[in-house]
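Note that the numbering runs from 1 along the sequence shown for the chain.
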Amino acid sequence: MKRGLLWSLLLTAAGAAWADAGIAVNQVGYLPGATKVAAAPAAPAMKAAGFQVVDARSGRVVLRGRLGAPALWAPAGSEVRLMDFSALTRPGQYRIRVAGLPDSPTFTVAPDAYAALNAAAIKAFYFNRASTPLLPEHAGRWARAAGHPDDEVRVHASAAGPGRPEGTVIRAPKGWYDAGDYNKYIVNSGITVYTLLAAWEHFPEVFKAQRLNVPESGNGLPDLIDEVLWNLEWMLDMQDPADGGVYHKLTNQGFDGVVMPADARGERYVVQKSTAATLDFAAVMAQASRVFSAFEAQRPGLSQRMLVAARRAWTWAQQHPAEIYRQPPDIRTGGYDDNQLADEFAWASTELWLATGEASYRPDLAQLTISTPGWADVKGLLWVTLGAHLDKLGENDSVVVKARLMTFAQEQLALWQASAYRLGVRPEDFGWGSNSVLLNRALMLLQAYRIDRQPRLLAAAQALFDHVLGRNPLGQSYVTGFGARPPMHPHHRPSEADGVEAPVPGFLVGGPNPGQQDQKGCPVPYASKQPALSYLDHFCSYASNEVAINWNAPLVYVSAALQALTPALPPQKATETP
């Protein structure tokens, strides 16, 4: 087949999938002062030049605008036309109308547009708690019995040491199940806890009055802090008291079947101390010691305990700089193995430097690079920390930090500006956990915005957030329980096994992944291999539809940041059409 004909057929198939989705908007809604952009497929039959925003209740037209010119968006292999309706600032419920297409899903404009989403994204962590029952008064129809008490955990041969030989029984209860499975991993907990604590440090006003209805609500700590503490207490138990090293994970030998937590009763093990896990632990405990110093009255001595734990972990890592995690032959659960550790050393040293003020921990900032954070590449996190604490840095260091964050943001802005979809992504950005990649990119843009209030930085971050809530070619919200078309069959064992039709709400699924690594085990195929269309809402699709704690954390951060940072604008009646 000729290349041109093949490309034409691919475009036709991708365009058909896109046209079925119709007009794409953020299905949760927008803050009044936010940049608001919708997208429509440039279908051959669509001859309209303009669009209308209509009141969802009355049908009255409140705003008119022109469609952008058709442009090819490579990640979907099809053309798109954009609609900017940022002039709509009056709170209400609306739809977008284009002749020849179905109306968009209804969306809200409101000053608290993301409050419910943010609360649900945090409470998703509660629903993934280990070692406790979820009672009806807190969990509603997703109540369940306790699973994995983890009060009799065996030391695996790979983790044995002089004080804890193979088979030693230890306790390490609490913590969050990592993803759709029932195991707990320090490396992934590291970036997750960091991101949640950073959200608290940067935007405390968003969380102070928040009531999540968790068992600890009303105990004097903000509910977000209570939730993070559930996992921090487990992490503290994962440190070997004899030498300060940290076990890489607490796990079964293999993944459980599709059963509820209480029915998964396999033997549990702590597996190998690793340098990556120990450094992630050191970084998070140093950060947590800083956060919990403000809660000394509620948790006496906890801040100091965390700092001591962080110091001991750092010392162990200095003595064991290359203990790379290697999966033992009898363990077949998630690896989170990482053999590039310079970023972990730099992050841990940065957090300890800020927590203690001791120059011995100070990293050489001139030698450090920056990137979008992920569990295997955490160097972006140290710049987030430094950017939030410029007042503790000298003038030269402040200049370096600002320049590094702004240069990185400008690179992301260039992607956003050049995109036909006004979305700062490339085809290769769609892969495992692509939604998390986009949200972490938004998180980094927001760090630059906190330094320099350029509206374009906020608009580019908003666009990435909009994508995961429905402004995408599939018209798919990727957060359970939110939007007109949310995921209904996430790869999440409790959601699949609990007998409740609706999945546990507030979870971000992984998102489009053209790798489609799960296809051999899936009874249904993906609709497309185009990067932005390669998604399957089916439990079998762990490659595109699994949930994970490190994916939910930037959803919490970005929804809180947009709520806190977006300028509030009064209704602009002059721009609206009666």
Side-chain angles (χ1 to χ4, degrees), residues 130-131 148-175 178 183-190 193 229-253 267-289 292 299-328 330-331 333 335-339 341 344-345 347-349 351-352 355-356 358 360-361:
S131 314
H148 304 92
D150 289 338
D151 53 1
E152 294 185 3
V153 178
R154 299 194 178 277
V155 174
H156 188 267
S158 64
R164 289 180 168 180
E166 180 183 358
T168 300
V169 176
I170 67 170
R171 290 174 50 85
K174 297 189 175 183
D178 178 70
N183 304 303
K184 303 185 290 191
Y185 307 83
I186 287 290
V187 166
N188 210 35
S189 279
V193 168
L229 187 55
W230 187 267
N231 201 69
L232 282 166
E233 290 178 332
W234 165 70
M235 292 179 74
L236 285 166
D237 283 337
M238 290 290 283
Q239 184 174 44
D240 186 342
D243 61 12
V246 179
Y247 303 114
H248 195 80
K249 61 180 177 178
L250 191 160
T251 179
N252 299 1
Q253 288 184 297
E267 193 80 69
R268 304 276 274 182
Y269 298 88
V270 289
V271 183
Q272 189 192 330
K273 296 171 195 168
S274 73
T275 308
T278 303
L279 288 168
D280 286 344
F281 174 97
V284 164
M285 288 301 163
Q287 178 203 27
S289 73
F292 277 90
R299 290 292 184 274
L302 180 59
S303 173
Q304 184 59 27
R305 180 188 173 195
M306 289 170 166
L307 185 57
V308 169
R311 288 181 183 274
R312 297 191 69 228
W314 174 260
T315 299
W316 187 93
Q318 295 293 304
Q319 296 166 349
H320 304 82
E323 289 292 331
I324 307 300
Y325 178 74
R326 306 295 184 197
Q327 190 90 298
D330 62 334
I331 300 292
T333 54
Y336 289 108
D337 44 326
D338 183 3
N339 57 13
L341 301 177
E344 281 83 6
F345 273 106
W347 178 36
S349 66
E351 297 295 343
L352 278 160
T356 66
E358 296 173 14
S360 61
Y361 291 117

**OP:** Calculate, to the nearest 0.5 Å, the distance between atoms OG and CE belonging to Ser189 and Met238 respectively.
**Re:** 8.5 Å
Original post:
Looking at Gln318, Arg312, His320, which one forms a side-chain contact (heavy atoms from CB on, under 4.5 Å) with Trp316?
Top reply: His320
Original post:
Side-chain contact, heavy-atom cut-off 4.5 Å: Val155 with Pro165?
Top reply: no
Original post:
Going by atom types only, do Thr251 and Lys184 share a side-chain donor-acceptor pair under 3.5 Å?
Top reply: no
Subject >> salt bridge (Lys or Arg N to Asp or Glu O under 4.0 Å) partners of Glu152, counting only residues at least two apart >> reply: none
**OP:** Sequence neighbours left out, what passes side-chain contact (heavy atoms from CB on, under 4.5 Å) with Ala283? Give chain and number order.
**Re:** Trp347, Ala348, Glu351
Original post:
Roughly how far, to the nearest 0.5 Å, is the OG atom of Ser131 from the CG atom of Asp151?
Top reply: 8.0 Å
Original post:
Which residue pairs pass the salt bridge (Lys or Arg N to Asp or Glu O under 4.0 Å) test when at least one of the two sits in residues 268-286, sequence neighbours left out?
Top reply: Asp150-Arg268, Asp240-Lys273, Asp243-Lys273
Subject >> Under 3.5 Å donor-acceptor, Ser158 side chain and Gln272 backbone >> reply: yes
Original post:
In Å, rounded to the nearest 0.5 Å, how long is the span from CG of Asp237 to CD1 of Ile170?
Top reply: 7.5 Å
**OP:** Taking all non-hydrogen atoms of both residues into account, name the closest pair between Asn231 and Gly175 and its distance.
**Re:** OD1-CA, 3.3 Å
Original post:
Does Leu232 reach the side chain of Val193, with side-chain heavy atoms less than 4.5 Å apart?
Top reply: yes
Original post:
Is there side-chain contact between Val153 and Val169, with at least one heavy-atom pair below 4.5 Å?
Top reply: no
Original post:
Which residues satisfy the ring-ring contact (aromatic ring centres under 6.0 Å, His included) test with His148, sequence neighbours excluded?
Top reply: Tyr177, Tyr182
Original post:
Is it the case that Lys174 places NZ or CZ above or below the six-membered ring of Trp234, under 6.0 angstrom from the centre and within 45 degrees of the axis?
Top reply: no
**OP:** Could you walk me through whether Asn252 and Tyr269 pass side-chain contact (heavy atoms from CB on, under 4.5 Å), step by step?
**Re:** CA-CA 6 Å; Asn252 299 1; Tyr269 298 88; over 6 Å; no
Original post:
Does some side-chain heavy atom of Tyr361 sit less than 4.5 Å from a side-chain heavy atom of Arg311?
Top reply: yes
Original post:
Among side-chain atoms of Asp178 and Asn183, is any donor-acceptor pair under 3.5 angstrom?
Top reply: no
Original post:
How many angstroms lie between CZ in Phe281 and CD in Glu344, if you round to the nearest 0.5 Å?
Top reply: 15.5 Å
Original post:
Lys249 versus Thr333: any side-chain heavy-atom pair under 4.5 Å?
Top reply: yes
Original post:
Of the non-hydrogen atoms in Val284 and Gly190, which two are nearest, and what is the gap between them?
Top reply: CG2-O, 3.2 Å
Original post:
What pairs of residues pass the salt bridge (Lys or Arg N to Asp or Glu O under 4.0 Å) test when at least one of them lies in residues 156-165, not counting sequence neighbours?
Top reply: none
Original post:
Do the side chains of Trp314 and Phe345 get nearer than 4.5 Å, heavy atoms only?
Top reply: yes
Original post:
Would you say the side chain of Tyr247 lies within less than 4.5 Å of the side chain of Ile186, judging by non-hydrogen atoms?
Top reply: no
**OP:** State, with a plain yes or no, whether a side-chain heavy atom of Asn339 is found less than 4.5 Å away from one of Tyr325.
**Re:** no
Original post:
In chain order, what residues pass the salt bridge (Lys or Arg N to Asp or Glu O under 4.0 Å) check against Glu267, with sequence neighbours excluded?
Top reply: Arg154
**OP:** Would you give the length of the straight line joining atom CG of Leu302 to atom CG of Leu236, rounded to the nearest 0.5 angstrom?
**Re:** 7.0 Å
**OP:** State whether the side chain of His248 and the backbone N or O of Tyr336 hold a donor-acceptor pair below 3.5 Å, judged by distance alone.
**Re:** yes
Original post:
Would Glu233 and Arg299 count as a salt bridge (Lys or Arg N to Asp or Glu O under 4.0 Å) if you check the C-alpha gap in whole Å, the side-chain angles of each, and the deciding distance to 0.1 Å?
Top reply: CA-CA 12 Å; Glu233 290 178 332; Arg299 290 292 184 274; 5.2 Å; no
**OP:** Quick one: closest heavy-atom pair of Ala309 and Gln239, and the distance?
**Re:** O-NE2, 3.1 Å
Subject >> Distance-minimising heavy-atom pair for Leu341 and Leu279 >> reply: O-CD1, 4.4 Å
**OP:** Give the C-alpha distance, both sets of side-chain angles, the deciding distance and a yes or no for side-chain contact (heavy atoms from CB on, under 4.5 Å) between Phe292 and Leu229.
**Re:** CA-CA 10 Å; Phe292 277 90; Leu229 187 55; 3.9 Å; yes
Subject >> Pair Ser303-Ser289, side-chain donor/acceptor within less than 3.5 Å >> reply: no
Original post:
For the side chain of Thr278 and the backbone of Ala313, is there at least one donor-acceptor N/O pair under 3.5 Å apart?
Top reply: no
